[in-house]
Amino acid sequence: MAWMWRFEKADGTEVPPAVEPEEFTTQGDAESWVGEVWKELLDGGAEQVSLYDDGSKIYGPMSLRADGS
């Protein structure tokens with residue numbers, strides 16, 4: 001399994017991440033990573049993320065803003 005994040009603006013346009021993600025072998029590892037770097041991702045232009053497992057969308061988009069907007 002390969003867990004990956006998609007980084008997007010609020011309108012769903014994909015943007016490159018400000019922090020390069022590592023390769024994640026579990027959903028928990030992927031979620032922990034985004035929990036640690038969400039502020040840097042937001043500062044770098046990503047406003048929301050979606051999580052994928054082997055190309056299948058698991059959930060998202062999830063806002064990176066603290067207020068959820």
Side-chain angles (χ1 to χ4, degrees):
M1 292 185 177
W3 295 86
M4 299 178 62
W5 289 105
R6 175 182 161 95
F7 307 92
E8 305 171 344
K9 294 182 180 181
D11 66 3
T13 305
E14 189 170 10
V15 296
V19 180
E20 193 62 36
E22 54 193 75
E23 295 215 0
F24 307 109
T25 56
T26 69
Q27 182 174 351
D29 288 346
E31 291 170 336
S32 292
W33 178 84
V34 86
E36 293 170 5
V37 300
W38 68 270
K39 288 181 184 178
E40 291 92 337
L41 295 169
L42 184 60
D43 289 345
E47 297 176 67
Q48 61 190 25
V49 294
S50 296
L51 184 63
Y52 289 80
D53 178 23
D54 284 335
S56 296
K57 188 174 188 178
I58 303 302
Y59 64 79
M62 174 178 71
S63 176
L64 294 175
R65 298 195 177 278
D67 62 7
S69 63

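Both backbone and side-chain heavy atoms feed into the values below; hydrogens, waters and symmetry mates do not.
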Hey, could you give me the [atom1]/[atom2] distance between [X] and [Y], rounded to the nearest 0.5 Å?
{"X": "R65", "Y": "L42", "atom1": "CZ", "atom2": "CG", "answer": "5.0 Å"}
{"X": "D53", "Y": "Q27", "atom1": "CG", "atom2": "CD", "answer": "8.0 Å"}
{"X": "D43", "Y": "W38", "atom1": "CG", "atom2": "CH2", "answer": "8.5 Å"}

Check whether any side-chain N or O of S32 sits under 3.5 Å from a backbone N or O of G28 as a donor-acceptor pair, and report yes or no. yes
Hey, is the main chain of A30 close enough, under 3.5 Å, to the side chain of W5 for a donor-acceptor pair? yes
Flag side-chain contact, heavy atom, 4.5 Å: P21 against F7: yes
I'd like to check the salt bridge (Lys or Arg N to Asp or Glu O under 4.0 Å) partners of E14; sequence neighbours left out, ordered by chain and number. R6
Check P17 against L41 and note the closest heavy-atom contact, atom names and distance. CB-CD2, 4.0 Å
Which atom names give the shortest non-hydrogen contact between E8 and Q48, and what distance separates them? OE1-NE2, 2.8 Å
According to a hydrophobic-cluster definition based on side-chain heavy atoms being under 4.5 Å apart (Ile, Leu, Val, Met, Phe, Trp, Tyr only), do L64 and Y52 belong together? no
Hey, any chance M4 and V49 share a hydrophobic cluster, counting ILVMFWY side chains that come within less than 4.5 Å of each other, even indirectly? no
Which atom pairs, donor and acceptor, lie under 3.5 Å between side-chain atoms of residues 55-62 and protein residues at least two apart or in another chain?
| unit_1 | atom_1 | unit_2 | atom_2 | d |
| --- | --- | --- | --- | --- |
| K57 | NZ | G60 | O | 3.4 |
| Y59 | OH | E31 | OE2 | 2.8 |

Exceeds 12 heavy-atom contacts within 6.0 angstrom, atom CD of E22: yes
List for me each residue that meets side-chain hydrogen bond (donor to acceptor under 3.5 Å, both in side chains) alongside D29, sequence neighbours excluded, and say none if there are none. T26
Are W33 and F24, when compared by the centres of their aromatic rings, separated by less than 6.0 Å? yes
